[in-house]
J.: 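Submitted below is the structure of interest, expressed as structure tokens.
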Amino acid sequence: MLEDTAHRLDFLSLDPISKLEEEHEKQKTTVGAGSSWDDDNDYDIHGAIRLTDEQIDEFHSTGYLYLPEVFTAEELRVLNDELPGLFSRSEPYNISELSNSKIPRTNFASHLISKPFAKLSRHPRIIRLVETLLNDKLYVHQFKINKKTAFEGEVWQWHQDYSTWLQEDMMSTNRAMNVAIFLDDVNHYNGPLMFIPGSHKEGVISADYDTKTTSYPIWKVGNDVISQLVDRAGGKQGGIVSPIGPAGSVVLFHSCLVHSSSTNISPWDRNIVYLSLCATSNHIRRFKRPEYIAHRSFDPIICLLDDCLLDSTIDEQISVPWEGKLPDSALEVKNDIISDEDMQKVKEYPVHDEEELSTSCCAEAVVVVVVENPLNQLSIDDQYIVVDETMNTAS
Ligand code: SIN
Ligand code: MN
């Protein structure tokens with residue numbers, strides 16, 4: 001199906017750079033630009049996949065949607081060829097497993113380091129889907145590759161991503177979406193994701209700040225709550241599901257969906273890209289986590305063309321600002337919530353003020369932060385949050 005799409009581009013006669021420029025102009029103002037559907041097909045001329053009403057209903061009811069084989073073997077090869085280089089860099093954006101610092105766990109901000117992943121972060125097969133579901137333009141809030149190495153990959157405890165995005169980054173509503181892109185086949189044995197269907201409807205659930213069980217802290221939902229949610233979702237009959245399938249498949253999941261994954265003691269790596277996309281109108285209000293974890297550019301994503309992963313002629317147009325050494329600015333953090341007025345300035349001038357940073361930056365070991373209903377989203381149970389300011393949550 002997707003191979004056919006390339007032949008349907010109506011401006012193949014243009015050179016690649018003009019194609020891009022023309023496309024950028026078109027997309028500047030419109031959501032879902034390029035969605036000129038042909039009723040005989042389930043994709044548009046730019047490669048965006050059209051969701052059926054049943055799929056949209058399924059997403060709203062369960063909190064996730066599995067789409068098999070969205071990317072081809074050839075496209076996957078381009079992405080997978082980048083992995084050894086990305087994971088071999090000694091930079092803060094590479095996180096290892098807790099029990100063995102030689103085993104890579106996560107590579108953050110891959111889309112600012114590697115051209116193929118930069119292209120993936122602007123791919124119409126992904127971006128158009130999420131624009132449709134969130135009905136807004138999008139920016140990249142987080143980009144990471146979780147490796148789940150064969151024999152070594154460790155757990156992700158039960159959590160909701162939006163819990164972190166609210167409490168750490170002050171993202172005001174849950175209008176954000178996770179997109180998992182399988183770079184390897186994912187099966188029952190190599191530590192697939194586990195979802196509790198329907199759990200996204202609970203909103204933000206009370207969670208504990210777990211700094212012990214994995215190599216970066218996570219807002220972990222307690223066992224009692226998990227048992228209740230699983231029971232409510234059908235217990236042993238569907239209360240937990242694992243989306244599994246061939247490399248190239250994609251899973252969209254709601255930012256409040258409760259999820260986790262077990263260890264990988266199989267002989268197969270389980271590389272998955274997680275692209276966390278936020279509606280531009282819902283951007284974060286606090287830069288408490290470094291930029292390589294929670295991004296600060298809220299410019300709307302401009303999609304590339306459907307064949308972008310295989311088209312090396314556009315490479316000179318693809319910017320990867322962190323391809324060399326990670327800039328110091330990517331490590332800077334601030335604790336204050338940013339006002340609308342300051343937000344305007346931040347958009348123009350990313351946070352670089354050394355003096356301001358040295359006073360607001362947190363150096364103490366463990367402090368107790370009392371969060372009084374940040375943005376009025378949390379329940380009473382969530383008001384007191386213990387935070388170890390020296391570590392960064394990485395959901
Ligand atoms: C996983 O890769 O298994 C889970 C990742 C996450 O929740 O961030
Ligand atoms: Mn997560």
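Counting convention: from 1, in listed order, for ligands and their atoms alike.
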J.: Does either side chain, that of D169 or that of H141, offer a donor lying less than 3.5 Å from an acceptor on the other one?
T.: yes
J.: Please report which non-hydrogen protein atom sits nearest to atom 3 (O) of ligand 1, along with the residue it belongs to and the distance in Å to one decimal place.
T.: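 For atom 3 (O) of ligand 1, the nearest protein heavy atom is S261 OG, 2.5 Å.
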J.: Could you find the nearest protein heavy atom to atom 6 (C) of ligand 1 and give me its residue, atom name and distance?
T.: W156 CD1, 3.8 Å
J.: Got E154 and L98 here, is their nearest side-chain heavy-atom distance under 4.5 Å?
T.: yes
J.: Which atoms of ligand 1 are found less than 4.0 Å from any heavy atom of L193?
T.: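 Those of ligand 1 that fall under 4.0 Å from L193 are 1 (C), 3 (O), 4 (C).
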J.: Who's the nearest protein heavy-atom neighbour of atom 5 (C) of ligand 1, and how far?
T.: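 Result: N146 ND2, 3.1 Å.
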J.: Would you say the ring centers of H123 and F71 fall short of 6.0 Å from each other?
T.: yes
J.: Mind checking whether L79 and F117 have side chains closer than 4.5 Å, heavy atoms only?
T.: yes
J.: Pull up every protein N/O/S atom sitting under 2.8 Å from the Mn ion (ligand 2), skipping waters.
T.: H159 NE2, D161 OD1, H259 NE2
J.: Using a 3.5 Å cut-off on N or O atoms only, is S260 in polar contact with ligand 1?
T.: no
J.: Who's the nearest protein heavy-atom neighbour of atom 8 (O) of ligand 1, and how far?
T.: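 For atom 8 (O) of ligand 1, the nearest protein heavy atom comes out as K144 NZ, 3.0 Å.
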J.: Any chance the side chains of N282 and T173 put a donor and an acceptor closer than 3.5 Å?
T.: yes
J.: Ligand 1 versus R270, non-hydrogen atoms closer than 4.0 Å: side chain, backbone, both, neither?
T.: side chain
J.: With nothing but distance in play, are any N or O atoms of D161 less than 3.5 Å from an N or O of ligand 1?
T.: no
J.: Would you mind checking which non-hydrogen protein atom is closest to atom 1 (C) of ligand 1, with the distance to 0.1 Å?
T.: Y274 OH, 3.2 Å
J.: Given that the side chain starts at C-beta and the backbone is N, CA, C, O, which of these parts of I272 lies under 4.0 Å from ligand 1, counting heavy atoms, or is it both or neither?
T.: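 Neither; no heavy atom under 4.0 Å.
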J.: Could you state the interatomic distance from CZ (R122) to CG (L138), rounded to the nearest 0.5 Å?
T.: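 R122 CZ to L138 CG: 13.5 Å, rounded to 0.5 Å.
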J.: List ligand 1 atoms under 4.0 Å from H159, heavy atoms only on the residue side.
T.: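 The atoms of ligand 1 under 4.0 Å from a heavy atom of H159 are 6 (C), 7 (O).
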J.: To the nearest 0.5 Å, tell me how far L304 CG sits from L309 CG.
T.: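 Here the rounded value is 8.5 Å.
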J.: Side-chain donor-acceptor pair under 3.5 Å between D184 and N190, yes or no?
T.: no
J.: Are L183 and L83 side-chain neighbours, meaning at least one heavy-atom pair lies under 4.5 Å?
T.: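 Result yes, sub-4.5 Å side-chain heavy-atom pair found.
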J.: Just checking, is any N or O donor in the side chain of T149 or D269 under 3.5 Å from an acceptor N or O on the other one?
T.: no
J.: Working to the nearest 0.5 angstrom, can you tell me the gap between F59 CZ and L51 CG?
T.: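 One finds 9.5 Å between CZ of F59 and CG of L51.
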